[in-house]
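Numbers restart at 1 for each chain; the letters A, B, ... are given by sequence-line order, proteins then strands. Because the structure is a prediction, the values reported are computed rather than measured. Because only heavy atoms are used, hydrogens play no part in the values below, and waters and symmetry mates are left out as well, while side chains stay in.
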There are 2 protein chains.
Amino acid sequence: MSMFKKVLVSDDLECINEGVVSVLHGMNIEHITQVAYCDDAFLQIEKAMLVKEPFDLLITDLSFVADHRSQKYPSGETLIRALKEKYPGLKIIAYSVEDNLQKVRNIVLQCNADAYVCKGRYGLKQLAQAIEDVYGGKQYLSPQVANAIQKKMAIEISDYDIEILKLLSQGFIQKEISFNFTKNNIQPASVSSIEKKISKLCDHFKARNTTQLVAIVKDIGLI
Amino acid sequence: MSMFKKVLVSDDLECINEGVVSVLHGMNIEHITQVAYCDDAFLQIEKAMLVKEPFDLLITDLSFVADHRSQKYPSGETLIRALKEKYPGLKIIAYSVEDNLQKVRNIVLQCNADAYVCKGRYGLKQLAQAIEDVYGGKQYLSPQVANAIQKKMAIEISDYDIEILKLLSQGFIQKEISFNFTKNNIQPASVSSIEKKISKLCDHFKARNTTQLVAIVKDIGLI
DNA sequence: AAATCCCTTACGGTTTTCCGTAAGGGATAA
DNA sequence: TTATCCCTTACGGAAAACCGTAAGGGATTT
């Protein structure tokens with residue numbers, strides 16, 4: 001049975017790194033490299049590519065706690081996006097504690113990750129399954145987030161909507177949002193349109209008012 | 001050098017469990033038991049106490065993903081609180097990815113945990129330090145949350161405040177909150193008082209309106 | 001070209017929020 | 001007792017949100 005030969009593991013939590021590595025060992029993968037920063041991950045992959053010994057697979061966490069080292073890629077998202085643009089052939093598995101569907105959609109649809117595995121109770125088992133599936137050219141999602149990819153909702157909520165929600169959560173009133181949009185050439189920019197859009201969002205998320213709307217979209221990780 | 005003899009590790013993420021165990025081994029602690037559910041943790045501690053071979057220390061995660069097994073203690077909070085009430089002598093270290101100060105305050109001040117360690121980049125090193133400190137009768141907090149315990153803020157925000165914030169986040173308007181409080185004999189219950197309290201909270205959290213207020217308190221984990 | 005549809009915008013009225021002021025009442029101090 | 005302080009409550013006006021309606025304009029259809 002063939003399998004990935006060379007794998008890079010990126011996670012700032014050392015103990016999780018160890019768990020992943022033990023899984024890889026269990027699958028008889030010998031060439032394993034570990035890093036704790038996204039920038040290191042990128043460099044490792046670049047370097048390996050240059051010396052013609054590229055990595056086959058990257059397993060990366062999403063959230064990396066910031067510390068004294070300033071980073072070009074502060075999060076798994078940015079890392080995945082950059083890598084998939086430059087090396088579309090590289091397989092990437094996201095391995096995160098986050099299980100909100102919006103996050104999963106973003107990682108899989110926008111960043112083009114090949115799999116999304118939740119660090120849950122059976123995380124390592126699922127990770128093993130993900131590695132097999134991805135090796136076979138398939139996509140893998142942990143069961144608890146498998147229903148994230150029904151593009152319906154993904155396209156219903158636009159960047160425009162998210163911008164409004166962000167500004168609302170920052171305390172701006174509708175008139176100020178209108179000014180902001182006018183200034184930045186975002187359309188529609190009228191108070192009336194923004195008002196209607198907020199109303200639509202309230203319907204969609206079953207919120208009774210703006211306050212609850214922001215609470216809800218914060219809960220599901222939309223902003 | 002003496003040290004804890006018998007330790008229980010509770011964490012639903014198997015890989016993290018392994019990391020913690022490797023630290024304990026490194027400290028020459030031999031009797032280590034692992035569980036993946038809070039209820040199991042409680043039972044193990046009860047049982048050990050009955051046969052007069054009690055655990056000295058519990059290291060537990062806070063968030064346990066719910067699955068098919070219904071649990072009496074669904075989270076680390078409830079587990080810690082229950083254990084500390086029944087066995088005040090048992091040392092408990094919380095080990096969590098969450099780093100918001102409100103959560104830390106709750107765990108340390110309300111639940112009486114002996115230490116709070118963040119699963120960060122240096123989580124295992126900090127955990128080792130925490131074990132030593134707690135063994136020496138001291139409290140330990142990871143550096144990134146060390147400033148959580150300035151009781152000032154902890155007492156400024158009351159259960160009453162939190163109830164208002166919760167209801168706001170659920171879309172209730174001030175009049176409805178007033179009805180609710182009247183019905184439940186919570187005072188003050190007048191719209192005017194609730195209005196003023198919200199205003200105070202907006203000042204305190206530097207929010208421009210209720211929407212931003214809810215966004216902020218959600219961010220810091222207050223609700 | 002005319003009709004239709006949809007999106008944007010404007011407007012008016014009601015509800016809710018926001019903010020200052022003030023009255024009433026209980027606790028404490030002079 | 002009187003004075004003072006603080007908390008609760010009421011009230012009124014301005015700002016903002018909420019909600020329905022309608023006009024204007026661009027794109028598509030007939």
Rounded to the nearest 0.5 Å, what separation is found between the CG atom of A:Asn180 and the CD1 atom of A:Ile186?
-> 6.5 Å

Under 4.0 Å between a Lys/Arg side-chain N and an Asp/Glu carboxylate O for A:Asp161 and A:Lys166?
-> no

Taken in chain and number order and not counting sequence neighbours, the residues that satisfy side-chain contact (heavy atoms from CB on, under 4.5 Å) with B:Gln71 are B:Tyr37, B:Asp39, B:Arg69

Which nucleotide of DNA chain D is the first, and which the last, in the 5' to 3' direction, to come under 4.0 Å of a heavy atom belonging to chain A?
-> D:dA16 to D:dT21

May I ask you to say whether B:Lys175 pairs ionically with B:Glu195, meaning some side-chain N is under 4.0 Å from a carboxylate O?
-> no

Enumerate the residues from residues 168-192 of chain A whose closest heavy atom to DNA chain D is under 4.0 Å, giving them by residue number; use none for an empty result.
-> A:Ile173, A:Gln174, A:Lys175

Going from CD on A:Glu77 to SG on A:Cys111, what distance comes out if it is rounded to the nearest 0.5 angstrom?
-> 6.0 Å

Residues in side-chain hydrogen bond (donor to acceptor under 3.5 Å, both in side chains) contact with A:Lys47, at least two apart in sequence or another chain = none

Rounded to the nearest Å, what distance is computed from the CG atom of residue A:Asn209 to the P atom of nucleotide C:dC18?
-> 11 Å

Partners passing side-chain hydrogen bond (donor to acceptor under 3.5 Å, both in side chains) against A:Asp114 (at least two apart in sequence or in another chain) | A:Lys84

Give, ordered by number, those residues of residues 193-201 of chain A having at least one heavy-atom distance below 4.0 Å to an atom of DNA chain C; if nothing qualifies, reply none.
-> A:Ser193, A:Lys196

Pair B:Gln44-B:Asp40, side-chain hydrogen bond (donor to acceptor under 3.5 Å, both in side chains): steps then yes or no | CA-CA 6 Å; B:Gln44 285 281 346; B:Asp40 291 348; over 6 Å; no

Nearest 0.5 Å please: distance from the CD atom of A:Gln170 over to the OG1 atom of B:Thr211.
-> 12.0 Å

Consider only side-chain N and O atoms of B:Gln126 and B:Tyr116, and report whether a donor and an acceptor are under 3.5 Å apart.
-> no

